[in-house]
Structure formats: C-alpha cells, structure tokens
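Just so we're on the same page: letters track the sequence lines, and every chain starts at 1.
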Number of protein chains: 2
Amino acid sequence: MKTMRDFLKVTKALSDKTRVRIFKMLQQKKMCVCEVQAVLGMAQSTSSKHLKILEDAGLITSVKDGLWVNYQLEQHSHNPHAGPIISYLCSVLDDDPEVKVDAKKADRANRLELCSK
Amino acid sequence: MKTMRDFLKVTKALSDKTRVRIFKMLQQKKMCVCEVQAVLGMAQSTSSKHLKILEDAGLITSVKDGLWVNYQLEQHSHNPHAGPIISYLCSVLDDDPEVKVDAKKADRANRLELCSK
DNA sequence: TTCATATATCGTATATTAACGATATAGTAT
DNA sequence: ATACTATATCGTTAATATACGATATATGAA
C-alpha cells in the first residue's frame with residue numbers, strides 16, 4: 001500500500017542537501033557514522049540524525065558490526081515509494097561538484113584513522 | 001544539466017502534503033486559484049503561494065485566461081528532474097483517502113460559482 | 001475614467017527543522 | 001568489574017517554512 005505518509009517521508013528526507021549528499025556517498029560504498037561525519041565536516045550528532053531520517057524513510061539501512069554501524073542503500077525497503085526514488089537518485093547527480101568532492105573524500109575515508117581521535 | 005539545486009527544488013516542493021494534494025488535483029484537471037483554494041479550504045494567499053512553489057520547481061505551469069490563471073501539470077519542464085518525478089507521482093496516490101475526497105471536490109468545483117462571493 | 005474581481009505579494013505570528021554541545025547507551029577490551 | 005569508543009539521544013538556539021489577513025497588481029466591464 002503506497003501511502004501519502006510514506007511518500008512524504010521520502011520527499012522530506014531528500015529535501016535537504018546534506019541528506020542527498022549522504023545518499024550519494026552511500027551509493028558509492030557502505031560507511032559508518034564517523035566516516036560520513038568526516039566527509040560532511042559536521043558534528044557527529046548532526047550526521048547521526050540525518051542518517052536516522054534517511055533510514056526512517058526506508059532509503060538506507062544499517063547493519064551493526066561490533067562497535068560500528070554500517071549504513072548502506074536499502075535494497076528491500078519497507079517503504080513502497082523508496083525503490084523508484086532510489087533508482088532515480090542513483091542515476092543522477094554523479095556530476096555534481098559537491099557530490100564529486102564527497103566521493104573522493106569518501107573513497108579515502110578510513111574508520112581506523114578517523115576514529116579514536 | 002541535472003543540478004542538485006533543481007533536484008532539491010522538486011523534493012522540497014513535494015515535501016509538503018498540501019502541495020502533493022494540489023499536484024494530484026491538477027492531474028485530474030486544469031484549475032484556477034479560487035478552485036484550488038475551495039478544495040483545500042485554505043486562504044487564497046496560501047493557495048497562491050503553494051502554486052508558485054510548485055511552478056518554480058517546474059512541476060506545474062500557468063496559463064493566463066483573462067482574469068483567471070489556469071494551472072496545470074507541466075509537460076515540457078525547464079527542470080530536468082521534473083519529468084521523471086511527475087510521471088511517478090501521477091502513477092501513485094490515486095487511492096489516498098484525502099486525494100480521493102479532493103478529486104470529488106475538484107470535479108464539482110466551478111469557478112463561476114466560487115468566485116465573486 | 002471608475003468599479004469590480006482574480007491573483008500575487010507583503011507583513012507577521014506560529015510551527016517546524018537543522019545545527020551544535022553535552023550526555024546516555026551499547027559494545028569491546030583489559 | 002573498569003576503561004575506552006562508536007553511535008544515539010537530549011536540550012537549546014538559529015534558521016526556515018507555513019499560515020493568515022491586508023494590500024498591491026492586473027484584467028475586464030461599465
């Protein structure tokens with residue numbers, strides 16, 4: 001059942017530039033919160049909050065790995081609107097300047113170097 | 001060129017329930033501001049503002065007809081992200097309770113009866 | 001011209017959102 | 001158990017968005 005509520009969850013989640021940037025990072029590779037934080041250059045609490053909003057919308061999912069939490073794009077979302085929008089967003093914005101810079105930073109991001117500092 | 005800015009214009013425009021309702025109304029038929037206002041049950045200034053936001057995002061377009069302004073879904077949007085999202089939104093939410101009620105009201109709405117009151 | 005009307009814009013109050021630092025929680029290691 | 005660390009949540013402030021009424025603009029009629 002594709003509800004208005006679920007549709008608005010997706011559009012609200014993707015109506016913020018920071019969250020679109022996170023989505024495009026995660027399209028490239030799975031990342032933990034501290035890696036996302038490092039690429040964004042924002043506070044840990046802020047990064048965690050954005051990830052939660054994307055997860056609640058069914059756009060990304062998290063997998064615990066010990067002390068870390070790996071976030072990745074959702075493949076089997078509970079939100080029926082997520083799939084089509086995920087497909088679309090994956091197909092665009094790769095040439096956006098900020099997205100490209102983020103992609104480079106994400107590529108180099110290493111949780112072992114980033115954490116415990 | 002599909003920019004981040006244009007993408008965010010579309011997602012922001014569709015991150016508000018009132019504007020999704022307006023979009024689904026216009027999918028059914030062209031409407032003037034006073035007809036949209038009557039279906040929404042909101043102030044004229046509010047209705048006009050929402051229509052402007054949807055138009056700025058390239059999701060709808062307006063055609064002047066004397067004193068009236070007819071709004072309709074955009075077919076040849078300047079915003080390259082609009083087309084795909086328009087197609088998707090047209091294909092969903094027809095069974096939403098509020099959208100259905102709006103559709104009935106829109107069907108009955110008559111600018112000649114609504115205006116000059 | 002003047003009057004009437006449909007829409008757009010302005011000004012403002014309220015509500016929502018995003019950011020931060022501080023703290024709490026949960027898992028690892030010793 | 002204690003100590004350490006990655007993440008989540010809390011509390012607050014600043015920015016943004018939504019709603020309204022009032023006013024301005026633009027078109028049509030007399």
Send over the distance from [X] [atom1] to [N] [atom2], rounded to a whole Å.
| X | N | atom1 | atom2 | result |
| --- | --- | --- | --- | --- |
| B/D56 | D/dA17 | CG | C1' | 15 Å |
| B/E35 | C/dA6 | CD | P | 11 Å |
| A/K52 | C/dA18 | NZ | C1' | 16 Å |
| A/M42 | C/dG21 | CE | C1' | 16 Å |
| B/L54 | C/dT7 | CG | C1' | 16 Å |
| B/W68 | C/dA8 | CH2 | C1' | 17 Å |
| B/L40 | D/dC20 | CG | C1' | 14 Å |
| A/Q37 | D/dT5 | CD | P | 15 Å |

*From A/K17 NZ over to A/D96 CG, what is the distance, rounded to the nearest 0.5 angstrom?*
8.0 Å

*Within the modelled atom types, does a donor on one side and an acceptor on the other bring the side chain of A/Q44 and the base of D/dA8 under 3.5 Å apart?*
yes

*Without hydrogens or angle criteria, can the side chains of B/R5 and B/N79 be said to hold a donor-acceptor pair below 3.5 Å?*
no

*Would you please say whether a donor-acceptor pair under 3.5 Å links the side chains of B/S62 and B/E55?*
yes

As a test of reading the structure: which of [options] is closest to the side chain of [X], going by heavy atoms?
| X | options | answer |
| --- | --- | --- |
| B/A43 | D/dG21, C/dA19, D/dA8 | D/dG21 |
| A/S45 | C/dC20, C/dA8, D/dC20 | C/dC20 |
| B/L67 | D/dA26, D/dT18, C/dC10 | D/dA26 |
| B/I53 | D/dT18, C/dA18, C/dT7 | D/dT18 |
| B/H50 | C/dG21, C/dT7, D/dA19 | D/dA19 |

*Do any N or O atoms from the side chain of A/Q28 and from the backbone of A/A103 form a donor-acceptor pair under 3.5 angstrom?*
yes

_Pick the closest DNA chain C nucleotide for A/G66 and for A/D16 by heavy atoms, then say which residue is nearer the 5' end._
A/D16

Hey, does the side chain of [X] come within less than 4.0 Å of [N]'s phosphate (OP1/OP2), counting only N and O?
| X | N | value |
| --- | --- | --- |
| A/R19 | C/dA18 | yes |
| A/S62 | D/dT7 | no |
| B/S48 | C/dA8 | yes |
| B/Y71 | C/dA6 | no |
| A/T46 | C/dC20 | yes |

*Classify the nucleic acid contact of A/K64 as base, sugar-phosphate or nothing, counting any heavy atom under 4.0 Å across all strands shown.*
sugar-phosphate

*So what does B/S47 hit on the nucleic acid, given a heavy-atom distance under 4.0 Å: a base, only sugar-phosphate, or nothing?*
nothing

*If you measure from the Lys or Arg side-chain nitrogens to the Asp or Glu carboxylate oxygens, is any gap between B/K24 and B/D102 under 4.0 Å?*
no

*Indicate if B/I53 and B/L14 have the same hydrophobic cluster label, given that clusters are the connected sets of ILVMFWY residues with side-chain heavy-atom separations under 4.5 angstrom.*
no

